[in-house]
Structure formats: C-alpha cells, structure tokens
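Chain A is the first sequence line, chain B the second, and so forth, proteins listed ahead of strands; every chain is numbered from 1.
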Amino acid sequence: MNRWLIKSDPEEYGWELMQKDKTTLWTGVRNYQARNNLRLMKKGDELLFYHSNIDMAIVGLCKLNKKAQPDPTATEGDWSCVEIKAIRSLAKPVTLSQIKAHEDLQQFGLVRNARLSVMPVSEKEWQAISDMAGE
DNA sequence: GCCAACGTTGGC
DNA sequence: GCCAACGTTGGC
C-alpha cells in the first residue's frame, strides 16, 4: 500500500464537497509528473487531501477506489484520472507552516516543489504528518 | 496583488 | 537542442 498527497484549490473543489460527494473522479491533472504519480496509484492506497491557496493545510484522508483511467475531461493529449473516496477529516488539520517546520519533512514534495499537485508520501513523512494531525 | 518557481512553447 | 518568452500555480 502506498501513500500520496493530492492538492486542491478549495475554491474549485474543497474538502466539504469531497465529503458530500463521497467519491469523485480526480480529473484535470495536466502535469506529467503528477499524471505519472496518478498512474502509480493502486486500489486501497491512502491519500492526504491538501487545500492550497486559502487554507494551506492537509485536511482530510481519502482512499483510492479505482486505479488510473483516461481522463474524460481531456480533449487532447494522454491524461489520466483516478477515482477516490473520502474517508474522514483529520483530527487536526496540518498546516503548511507546521510541515515546513518539521525536521522530517524537509524533503517532502510540498516543501521542495510547491507546484506539484500529486506527490508520494514516504512512511516517515506519513508518520510525521499523522503525529501532527493528532491521529 | 505581487512575484518566485516551474513547465511549456516556439524561434533559431 | 538551446533558450527566451510566456503562462500558471501557489505562497506570502
């Protein structure tokens, strides 16, 4: 089982809506690195749901329902999407500033490459985030 | 609202 | 194949 973090602008599609929808197709990724990460996901993988721009915090936990399939919103190009399922909110959201301040998270994608929207989370990183989330 | 970082495009 | 110009994302 692998772990990932996905980013979303809450003004476009926030955690509230994700929970209401329960499952959603994660479409619209138009970056090769992010797409390749989507394609590596397997059913049952766990995902952290991050709010960019306004909240700047990890707020929720999701699971991968269906592995990568062609993105139906792509009119051209070779793009993928996955189906994810909302599990629950974190006990405490973990803010970007907390993440940046944590010594075990200096190599984490959010810190090193702010623009990447789908990234892997290592075991150590997951542990650090879980601790801060009060899980 | 600004700007840094990054990715993409297109001219050469 | 290089690199300047441009567009987008996202943190501040």
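No donor-acceptor pair under 3.5 Å is formed between the side chain of Ser80(A) and the backbone N or O of Pro70(A).
A heavy atom lying under 4.0 Å from DNA chain B marks the following residues of residues 98-113 of chain A, by number: Arg112(A), Asn113(A).
Pairs engaging residues 86-102 of chain A under the salt bridge (charged side-chain N to carboxylate O under 4.0 Å, His left out) rule: Arg88(A)-Glu135(A) [sequence neighbours left out]. Applying the salt bridge (charged side-chain N to carboxylate O under 4.0 Å, His left out) test to residues at least two apart or on different chains, the pairs with a partner in residues 51-70 of chain A are Lys66(A)-Glu83(A). The salt bridge (charged side-chain N to carboxylate O under 4.0 Å, His left out) contacts involving residues 22-51 of chain A comprise Arg3(A)-Glu46(A), Arg30(A)-Asp71(A), Arg35(A)-Asp78(A), Arg39(A)-Asp78(A), where partners must be two or more places apart or lie in separate chains.
Side-chain nitrogen and oxygen atoms of Lys7(A) include at least one within less than 4.0 Å of the OP1 or OP2 phosphate oxygen of dG10(C).
Between Leu96(A) atom CG and dG11(C) atom C1' there is a gap of 8 Å when expressed in whole angstrom units. In this structure, the CD atom of Gln33(A) is 14 Å from the C1' atom of dT9(C), given to the nearest Å. For the pair Arg30(A) CZ and dT9(C) P, the interatomic distance rounds to 11 Å; values are reported in whole Å. Separating the CD1 atom of Ile54(A) from the P atom of dT9(C) is a distance of 14 Å, rounded to the nearest angstrom.
Not counting sequence neighbours, the partners of Trp15(A) by the ring pair (Phe, Tyr, Trp, His ring centres under 6.0 Å) test are Phe49(A). Considering only residues two or more places apart in sequence or on other chains, Thr23(A) meets the side chain to side chain donor-acceptor pair (under 3.5 Å) condition with none of them. Applying the side chain to side chain contact (heavy atoms under 4.5 Å, CB included) criterion to Asp104(A), with sequence neighbours excluded, gives His102(A), Lys124(A), Ala128(A).
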Pick out the pairs of N or O atoms, protein on one side and nucleotides 2-7 of chain C on the other, that lie under 3.5 Å.
none

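Within the nucleic acid shown, Leu116(A) has no heavy atom closer than 4.0 Å to any nucleic acid atom.
Candidate nucleotides dC12(C), dT8(B), dG10(C) were compared by shortest atom distance to the side chain of Tyr32(A), and dT8(B) ranks first.
Through direct or relayed side-chain contacts under 4.5 Å between Ile, Leu, Val, Met, Phe, Trp and Tyr, Tyr32(A) connects to Trp79(A).
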